[in-house]
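What follows is a set of notes on a single structure, which appears directly below.
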Amino acid sequence: MILARHAEALYWAGRQLERSEHTTRALDVVARNTMHYRIPRALAEWGLLLDVFGLTDRFRATATTAVDLDRTRVADFLFADATNPGSVVSSVRQLRENIRTVRDRVPVELWEEANRLHLDLGAVDAAHLLHEGPYELFSSVRRGCQTISGVVAEAMPRDDGYTFFDSGRMIERSIMTCRVIRFGLFGEARHFDHAILLRLVSSLQAYRRMVGHDHDRLALAAFLLRTELVPRSVLSCLRRVDDHLETLQRAAPGMAPARQVCGRIRSVLEFGDTERSLADDHARYLLEIESGVLDLGHMVASYAFNPIHSTGLHAQFVRPGGSGP
Amino acid sequence: MLMDRISYRKIYQLGPELGRILNHGRSEDSAPVAPEGYHAAVVKGLLDGYRPGPWFDEAFDADGAVRPPYERVVERFAAIDTDELHRIEQLVAAEFRRQGITFTVYSDDEGTERTWPMDLFPRIIEASEWRHLEQGLAQRIGALNRFLDDLYSGEQAALNDGIVPRWLVVSSQGFERNAFGIDVPFGARCMVAGIDVVRGADGSYAVLEDNLRNPSGISYVVENRTAMVKAFPRLFNDHTVHPVDQYGRLLRATLTDVAPPSASDDPNIVILTPGVFNSAYFEHAFLARLMGVELVEGRDLVVDDQGVYARTVGGISSVDVIYRRIDDAFLDPVSFRPDSTLGVSGLLAAARAGTVTICNAIGNGVADDKAFYPYVPDLIRYYMNEKPLLPNVATYVMWDDDQRAQSLDRLDELVVKPVAESGGYGIVIGPRAGEQELEAARHQIEGDPRGWITQELVELSSLPAQAGTGLAPRHLDLRPFVLTGERTRVFPGGLTRVAMREGSLIVNSSQGGGSKDTWVLADDNADADTGRTDGADPETARKQEA
């Protein structure tokens, strides 16, 4: 079985890959959209994006005055700010560092592509490009992320390492989809245009084909939560995680609690009446799903990566060099 | 005057271009004529004006003629210009950067990772020359392993018979009392050795240093080859070069050999690394990938009831062989440095119980102490009953009053080395040192005679290396790697390190040195040894290997 430390590095690498791609795509979509708006509305959209990422407070903390919320600053904060651990540059750096710690056990191409993406980002003046040619920059980063996904899909053996990497990706992705729905669709003050929202989770085309042009808010939310065929829906992400956990559980019985959590949210989505629950109390329902997914991430992390759960291990060995029981 | 020593035939051999330059003042007509049918190597372009100094140059002889193994390479380099060379150079550097082939310089402000420097002009070792080296190295490692095993697990015959002074051994920083009672299968205490070899003024090989603890560099040997094949594919068709990519298989076989008797036929092998911030992390990850084993840190391992286990997501799983790339002092906080977080508590107890093999064994440092080095030829005679095939460089021990007095008299001619340092740190090269530096060295030697040795200066051999717009002679050494399990195998070639500054004799990469791809040529009419079993029945191949 995979080393706990390696599993952890791969799990986070998966999350960081997903985060990098998602953030870049979101910036791309919002930047293209807001160029049609006057400043107040544009700023509101950028503010909404910060809410989706849960970075509003952090951004405010870096701003010196109230008027500091402008599009360049938000884009810079979300993309190039190395002090923001959620920025694209930071995510890519952490992704590369995590892959580096497991470079002996992943396909060579995976390490090379992660390294290349990191080096490419380091070689350009991102802050300047965000101003002058953001779309080229965004598409190159997205291409880099997609290349990594492609290498993982085609070259990575379906072993425990893959299981953790993909679980990380799927958990990050479902958290992002949850947040896009909760803030972008049911936001307190305002919400994204529905087409924009679907673009944020790269599901616009699928929605048009499967549902059409009818943008009912509840139907849209249900679509993103529980459509099995859409790879960014919460349910399809959780199904993948569940499959992985099932495989893992055979050799690692400690994964059982995580699987229980996963099964619980799955059944809510799969067997519950999503539209009705949303209509009754969307805030409570969406929060329940989102915190369930967050719980799942927490369970995977604490049971798989924490040696205290290893069977038959003396407490004194839990921390190397520790002072004993 | 170079001209005086050059015969006409040799001038032609250098090529008409250089011939004309050397013939300065003479007319075109008086230029030498090549004997009929004579095939000349053409030296121009990048090698124009290449002038080796009064030492041994491996590509050109004292008269300036190309040595036969280098003819094709010289021809190839003569055919490209500076721009082309820079283009290839940049290609190789970009490839290394993309693949993250780096090493770490701790004191470097620029950031910790630096791209591996490789010089494009390869080093070539002919088959007969290599055979000599191979035998000499195997003999030397054989004797050192016998000595170490006898010291820690045997009767200490060499000490009892006065071949090496006992006080010298027990006063060594590398001497490790904890190693007593930990037996190693086949006595293979030094399972992976890196022996630094140099060529003196007459071109003969001598051993400069033994590295018996954690020699690094093998990953760069393999990566240099990969880069060279990309940069100069045609050159490899012109030569039959022994490949280097079978190292992982060899190392794994060696580690399997030394697994404890309790392990299965397919023992669980791990590499123990200090972590991503270590200067050789790239190599640790590289070896784990090459062998297909886990790369663990101390915190991934745990000792329970005298067994070593790895912490996996499914609980703990047992470990049989640890190829550790951390120093003795950090291995086990119970037995060594209590503040070490890199090691594993109780590891030594497990090794002593024989449930796990630690490679290289603990306490090898005693035999790569530089004050111990002068005794190695005697040990070869003592343990192997053979004449040493590879000599030492003349070395003087400073604890001996006579040798010290003589050395101090002519310190400006000698090289002064601290006995326990590596990586080129602390070395004073007499002829190139200032008065103050020599005075400081003298002071240090007198204060701690056991801590220093002096050696005769070896003007290391040279090869063309990139310098500015062309190629110029630069000094180099060679670190071949020797693997010992049930038997000893010398890996073909090794790491050629080259000083990139004019006249410098310090080749360590931590001191700005570069490296070269090193080719060991196959015998005439023989294929290179790929270690592969192309088409052969795997069962037969396995038997042959066994």
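Values below: all heavy atoms of this structure, side chains included; hydrogens, waters and symmetry mates excluded. Proteins get letters first, then strands, A, B, ... in listed order; numbering begins at 1 in each. No experiment lies behind these values; they were computed from the predicted model shown.
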Give every donor-acceptor pair under 3.5 Å between a side-chain atom in residues 291-300 of chain A and any protein atom, sequence neighbours left out.
{"unit_1": "A:S291", "atom_1": "OG", "unit_2": "A:L287", "atom_2": "O", "d": "2.8"}
{"unit_1": "A:S291", "atom_1": "OG", "unit_2": "A:E288", "atom_2": "O", "d": "3.3"}

Listed pairs under 3.5 Å, donor-acceptor, residues 152-161 of chain A side chains, sequence neighbours left out:
{"unit_1": "A:R158", "atom_1": "NH1", "unit_2": "A:V152", "atom_2": "O", "d": "3.3"}
{"unit_1": "A:R158", "atom_1": "NH1", "unit_2": "A:A153", "atom_2": "O", "d": "3.2"}
{"unit_1": "A:R158", "atom_1": "NH1", "unit_2": "A:M156", "atom_2": "O", "d": "2.8"}
{"unit_1": "A:R158", "atom_1": "NH2", "unit_2": "A:A153", "atom_2": "O", "d": "3.0"}
{"unit_1": "A:D159", "atom_1": "OD1", "unit_2": "A:G161", "atom_2": "N", "d": "3.1"}
{"unit_1": "A:D159", "atom_1": "OD1", "unit_2": "A:Y162", "atom_2": "N", "d": "3.1"}
{"unit_1": "A:D160", "atom_1": "OD2", "unit_2": "A:I2", "atom_2": "N", "d": "3.4"}

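To the nearest 0.5 Å, atom CZ of residue B:R299 and atom CZ of residue A:R5 are 5.0 Å apart. Annotation: the span from A:M1 atom CE to B:I316 atom CD1 amounts to 14.5 Å, rounded to 0.5 Å. The NE2 atom of A:H118 lies 15.0 Å from the CZ atom of B:R98; values are rounded to the nearest 0.5 Å.
Nearest heavy atoms, B:Y281 versus A:R100: OH-O, 2.7 Å. Across A:R103 and B:A285, no two heavy atoms sit closer than the pair CG-CB, 3.4 Å. Here the shortest heavy-atom pairing between A:N115 and B:G100 reads ND2-N, 3.3 Å. The two atoms that bring A:A252 and B:G314 nearest to each other are CB-CA, 3.5 Å, heavy atoms only.
For chain B, the nearby part of A:V108 is the side chain; its heavy atoms alone come within less than 4.5 Å. Residue A:H6 touches chain B through its side chain alone, counting heavy-atom pairs closer than 4.5 Å.
Listed in order of number, the residues of residues 286-295 of chain B that approach chain A to under 4.5 Å between heavy atoms are B:A288, B:R289, B:V293, B:E294, B:L295.
Partners of A:P85 by side chain to side chain contact (heavy atoms under 4.5 Å, CB included), not counting sequence neighbours, listed by chain and number: A:R58, A:Q94.
Looking only at heavy-atom pairs under 4.5 Å with chain B, the residue among A:V102, A:L248, A:T101, A:V106 that has the most is A:T101.
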